[in-house]
Q: 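Okay, handing you the structure first.
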Amino acid sequence: MKQTLFKKSWPLWLALLALAGCTTTSSVVPDRPAPGIPSGADSASPAALPAWNDQAVGDTIQGLRQSCRTLQKKPAWSGVCREAGALADNDADAARRFFENRFTAWKLRDGGRDSGLITGYYEPLLNGSLNRSERTPWPIYGAPRDMVSVDVPMSQRNRGVLRAKQTGPGRLALASGGNIEINPADFPADPRGIRMKGRLSGSRLLPYFTRGQINQGSIAGSAPVIAWVEDPVELFFLQVQGSGRIQLDDGSFLHVGFADQNGYPYQSIGKWLVDKGEMTLGQASMQGIKDWLAKNPQRRDELLAVNQSYIFFKQLPGDNGGPIGALGVPLTGGYSIAVDPRYIPLGAPVYLSTTWPHSSEPLTRLVHAQDTGSAIKGALRADLFWGYGTEAGMYAGRMKQQGSLWLLLPKGLSPGAAL
């Protein structure tokens, strides 16, 4: 089902504070302040949100129903989810009253800031085949059989050589008497995570292969190939997005989604081009990068290797719904966002106020926190899912706006208790 999201929607950045200038309708105070939420923060009715009455609120109900497939198991959400399921699809007024009567809005803030970077993502559509050919020489790899992972807390990263033992297929655990040697200094530094990915060489764990090494064929014998595609640049952006569709020779579609990652932090090739003076910050969009590569094809491998992170895929169910997000439900084009779940509870509605890509035209919409992403970190950081295909990619690739947002929670549920 092709998503119809180009009626106005958007992703966001997050953290919480009072809704300034809005009529307070609830005296709920967080029982424990959530990260980025000032203690005693005010709350407000959704009716007080900017341009609330201009919204086609009924369009967002399907997104909430998807979230409720998971949220309905929680006591604070069960009643809300039952009501959402009973609402008529075409009754926008009833949908608006539902949100006004059942939810409280909390303004998100990060320290002194109440707006942050809003980016977009989409589901790419690539041409490919199940068979390698001169037309389709580029593999979409599944998770390698020789890649293993181990959790190393930051507190142990500087303690020299560690020992580990194998606890299952592809898994190690730290153990003082283990027979596997790990030197954390050998691995890429990533302060956002504790999991290391590597490969065994005798009794040592070495970092897993980088993007450049993988593109040179280093895992050709150890990773399954899900499909073969025409264009290595489109394959790169498929990895940046984390999921997509492959149109095969017979016209059918193969859905692929994130399975694993090689353990290296994401590095922006757009930023690298800006730092090297190859383009301006305003040109560093997905389309701008593609244009640069078209003019500099001899530097393609050099540029792509800057981002050492490499994503491995798995085949997803072959229906026409959206990709499955971190919440475990299909994403809805224009109404799903990726967030940092340390600050925004997955499944919660979020009201976005930003502008359209490369524009000052206001863009406001009630969306749903249903996904996460390796680049989506921090209280005021979010990513709007635009759907799939060329048009969705155009909007997503240009989306670098500032925006504000409000977290909507069932009345009586404080932000601190929701996380």
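Bear in mind the structure is a predicted one, so any value in this text is a computation, not a measurement.
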Q: Distance-only, no hydrogens or angles: does the T60 side chain make a donor-acceptor pair with backbone N or O of V57 under 3.5 Å?
A: no
Q: Quick one: CD on Q308 to OH on Y266, what's the gap to the nearest 0.5 Å?
A: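 If we round to the nearest 0.5 Å, Q308:CD and Y266:OH are 13.5 Å apart.
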Q: Return the set of residues passing salt bridge (Lys or Arg N to Asp or Glu O under 4.0 Å) with R135 (not counting sequence neighbours), or none when no residue passes.
A: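 Once residues adjacent in sequence are excluded, the partners of R135 under the salt bridge (Lys or Arg N to Asp or Glu O under 4.0 Å) criterion are E230, D249.
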Q: If you count the non-hydrogen atoms of other residues, nucleotides and ligands that lie under 6.0 Å from NZ in K290, is the total more than 12?
A: yes
Q: For the pair Y121 and F385, name the ring-plane relationship: parallel under 30°, tilted 30 to 60°, perpendicular over 60°.
A: tilted
Q: Using salt bridge (Lys or Arg N to Asp or Glu O under 4.0 Å) as the criterion, list what pairs up with E278, not counting sequence neighbours.
A: R299
Q: I need the H368 NE2 to L327 CG distance, nearest 0.5 Å.
A: 11.0 Å
Q: Is there a side-chain contact between R113 and Q402, using heavy atoms and a 4.5 Å cut-off?
A: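 SC-SC contact between R113 and Q402 ruled out.
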Q: Tell me whether the NZ or CZ atom of R211 lies within the 45° cone about the ring axis of Y264 and under 6.0 Å from its centre.
A: no
Q: Taking side chain as C-beta onward, heavy atoms only, is Y351 less than 4.5 Å from T364?
A: yes
Q: By side chain to side chain contact (heavy atoms under 4.5 Å, CB included), which residues pair with P224, not counting sequence neighbours?
A: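 Testing P224 for side chain to side chain contact (heavy atoms under 4.5 Å, CB included), a comparison that skips the adjacent residues, returns R145.
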Q: Do you know the tightest heavy-atom contact between G263 and P188?
A: O-CG, 3.6 Å
Q: What's the shortest heavy-atom distance between I289 and L273, and which atoms?
A: CG1-CD1, 4.2 Å
Q: More than 12 heavy atoms of other residues, nucleotides or ligands under 6.0 Å from CG of D275: is that the case?
A: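 Enclosed: over 12 neighbouring heavy atoms sit under 6.0 Å from CG of D275.
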Q: Would you indicate whether Q298, at its atom CD, is surrounded by more than 12 heavy atoms from other residues, nucleotides or ligands within a distance under 6.0 Å?
A: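 Atom CD in Q298 is packed in, count exceeds 12.
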Q: Examine distances only and state if a side-chain atom of Q283 and a backbone atom of T280 form a donor-acceptor pair shorter than 3.5 Å.
A: yes
Q: Check the angle between the aromatic planes of F312 and Y208 and answer parallel, tilted or perpendicular using the 30° and 60° thresholds.
A: perpendicular
Q: Taking the side chain as every heavy atom from C-beta outward, state whether W77 and T70 have any atom pair closer than 4.5 Å.
A: no
Q: Would a 4.5 Å heavy-atom cut-off, applied to side chains only, mark L293 and F236 as touching?
A: no
Q: Check whether S203 reaches the backbone of N179 with its side chain - one donor and one acceptor, N or O, closer than 3.5 Å.
A: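 A pair under 3.5 Å: no.
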Q: For residues A284 and V274, report the shortest heavy-atom separation together with the two atoms involved.
A: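 Shortest heavy-atom contact: CB-CG2, 3.9 Å.
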Q: Would the distance check show the side chain of D383 and the main-chain N or O of I337 forming a donor-acceptor pair, the cut-off being under 3.5 Å?
A: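 Side chain of D383 to backbone of I337, a donor-acceptor pair under 3.5 Å: no, none is there.
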Q: Could you walk me through whether Y343 and D110 pass side-chain hydrogen bond (donor to acceptor under 3.5 Å, both in side chains), step by step?
A: CA-CA 10 Å; Y343 304 93; D110 185 0; over 6 Å; no
Q: Once rounded to the nearest 0.5 Å, what's the spacing between atom CG of L303 and atom CG of N296?
A: 9.0 Å
Q: Between D151 and R171, is there a side-chain heavy-atom distance shorter than 4.5 Å?
A: yes
Q: Less than 4.5 Å apart, any side-chain heavy atom of K197 and any of D260?
A: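 The answer is yes; the side chains approach within 4.5 Å.
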Q: To the nearest 0.5 Å, tell me how far H358 NE2 sits from Q401 CD.
A: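 H358 NE2 to Q401 CD: 7.0 Å, rounded to 0.5 Å.
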Q: Once you round to the nearest 0.5 Å, how far does CH2 of W228 lie from CD1 of I246?
A: 13.5 Å
Q: Side chains of Q315 and H255, heavy atoms from C-beta outward: is any pair under 4.5 Å?
A: no
Q: Under 3.5 Å, is there a donor-acceptor pair linking the side chains of S309 and Q267?
A: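 Their side chains do not contain a donor-acceptor pair, so the 3.5 Å distance test is not met.
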Q: Pick one: which of Y395, Y335, Y122 meets ring-ring contact (aromatic ring centres under 6.0 Å, His included) with W386?
A: Y395
Q: Mind checking the CD1-NZ spacing from I269 to K276? Nearest 0.5 Å is all I need.
A: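 The distance works out to 14.0 Å.
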Q: Measure across Y141 and I214 and return the closest heavy-atom pair with its distance rounded to 0.1 Å.
A: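 Taking Y141 first and I214 second, the nearest heavy atoms are CE1-CG2, 4.0 Å.
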Q: Quick check: does any side chain N or O of Q55 sit under 3.5 Å from a backbone N or O of A51, one acting as donor and the other as acceptor?
A: yes
Q: E100 and S45: which non-hydrogen atoms are nearest, and at how many Å?
A: O-OG, 4.3 Å
Q: Kindly give the heavy-atom pair with the smallest separation between L235 and P139, and that separation in Å.
A: CD2-O, 3.4 Å
Q: Any side-chain heavy atom of D186 within less than 4.5 Å of one from R204?
A: yes
